[in-house]
Amino acid sequence: MVNQEQMNQTSLTEFILRGFGNLPELQTLLFLLFFIIYIATVAGNILISALVLADQHLHTPMYFFVGNLSCLETCYTSTILPRVLAGLLNGDRTISFSGCLTQYYFFGSLVVTECLLLSVMSYDRYLAICNPLHYAARMNGRACLQLAGGSWIGGFLCSGISTLSISQLTFCGPNIIDHFFCDFIPLVKLSCNDPHLMETLAFTLTFLSSLVPFLLTLMSYICIIATILRIPSTTGRQKAFSTCSSHLIVVSIFYGTLLIVYMFPTIDILSDFKKVLSVVYTVLTPLVNPLIYSLRNKEVQEALRKACRKFIFGPC
């Protein structure tokens, strides 16, 4: 409960994102590193989205979802890194309360959407490999739109609940957020309210929006691997395992870091460790996803070669 003395204090109107301010000697290096990662991430994901739209051979359910993922990753990394880069460049780490809530809302929405979308993509691969005869019927254009649309809508609705909860909190004490972006738990720790209810809400939402999709994704890949093991051709098994193992590694890293950050107890000894894990799923995963899901595929490589030839030599 908020006591009378706390209520009489002026509510905060802005926060200071500590970010990596405790490493002043590394500010320039961190800026260059994050800048290169951001440019590479945005360029890679926009390239994949453009190829999926432009090439008729990529107008399939799998690449439809890959295009959605690339669009999501571009938006996702753009909610975090530009603000981080500005803070590293000019040292201004202040952010208004409304700006902080807005950043958290879009960040949270896109994280949940990615969890749901990765689960949908694993289901798509499950149908393609384990039930190929029913694949065309189940993954028609309408079903793809419903699954992708449901992922986006579900993500924004889920984040709306937590954002609304944060907006009802009272902030009257320190205004330094021990993080490089506005996130749920660091914000709750700064409020004058009892944090236990909000941390329970964070645990519940994370369980529903992250752990459940992860378990569904894991089950899909287990079924896929079991089916692959029955393939008589050694070459066929190796090819399928190569693709699935890469996907599963990326999914495991993304979900693993996400679940540790939001479902483990919030104690000071874990704060720096959680900040490092946050860098993994907010910065590195969007960079790696285009390479794993798209650029390693022969269809995308061929579409890229055709696009390059068309750009250099012009249309035939």
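As the structure is a computational prediction, the values presented were derived from the model and not from experiment.
When all heavy atoms of Leu190 and Pro174 are compared, the pair lying nearest together is CD2-O, 3.7 Å. Scanning both residues, Tyr63 and Glu299, for their nearest heavy atoms gives OH-OE1, 3.0 Å.
Evaluation of the side-chain contact (heavy atoms from CB on, under 4.5 Å) rule for Leu164 yields Ser167, Gln168 as partners, not counting sequence neighbours. Looking at residues two or more places apart in sequence or on another chain, you find a side-chain contact (heavy atoms from CB on, under 4.5 Å) between Ser252 and Leu248. Not counting sequence neighbours, the partners of Phe207 by the side-chain contact (heavy atoms from CB on, under 4.5 Å) test are Leu211, Val212, Met263.
With hydrogens and angles ignored, the 3.5 Å screen pairs a side-chain donor or acceptor of Ser159 with a backbone N or O of Tyr105. Side-chain atoms of Thr285 do not come within 3.5 Å of backbone N or O of Thr282 as any donor-acceptor pair. Looking only at distances, a side-chain donor or acceptor of Tyr255 sits under 3.5 Å from a matching main-chain atom of Cys115. Panel note: side chain Thr77, backbone Glu73; no donor-acceptor pair is recorded below 3.5 Å.
Ring geometry for Phe181 against His179 counts as tilted: the plane angle lies between 30° and 60°, on a 0 to 90° scale. Phe171 and Phe15 have perpendicular rings, their planes meeting at more than 60° on a 0 to 90° scale where under 30° would count as parallel. Note on ring orientation: taking the six-membered ring where Trp is involved, the planes of Tyr104 and Phe184 are tilted (angle from 30° to 60°).
For the residue pair Glu114 / Tyr76, no side-chain donor-acceptor distance below 3.5 Å is found, with atom types taken as modelled.
Under the 4.5 Å side-chain heavy-atom criterion for ILVMFWY residues, no single connected hydrophobic cluster contains both Leu88 and Ile16. Leu133 and Leu127 fall into different hydrophobic clusters, where Ile, Leu, Val, Met, Phe, Trp and Tyr are joined by side-chain heavy atoms under 4.5 Å apart, directly or via other members. Under a hydrophobic-cluster definition in which Ile, Leu, Val, Met, Phe, Trp and Tyr are linked whenever side-chain heavy atoms come within less than 4.5 Å, directly or via other members, Phe106 and Leu157 are assigned to different clusters. Neither Val112 nor Leu118 shares a network with the other; the hydrophobic side chains, linked directly or stepwise wherever heavy atoms of I, L, V, M, F, W or Y lie under 4.5 Å apart, form separate groups for each. In terms of hydrophobic clustering, with Ile, Leu, Val, Met, Phe, Trp and Tyr side chains grouped at heavy-atom distances under 4.5 Å, Ile36 and Leu284 are assigned to different clusters.
The line from OG1 of Thr227 to OH of Tyr126 is 7.5 Å long, rounded to the nearest 0.5 Å. How far CG of Leu258 is from OG of Ser209: 7.5 Å, rounded to the nearest 0.5 Å.
Cys pair Cys182 and Cys100 passes the test of SG atoms under 2.5 Å apart.
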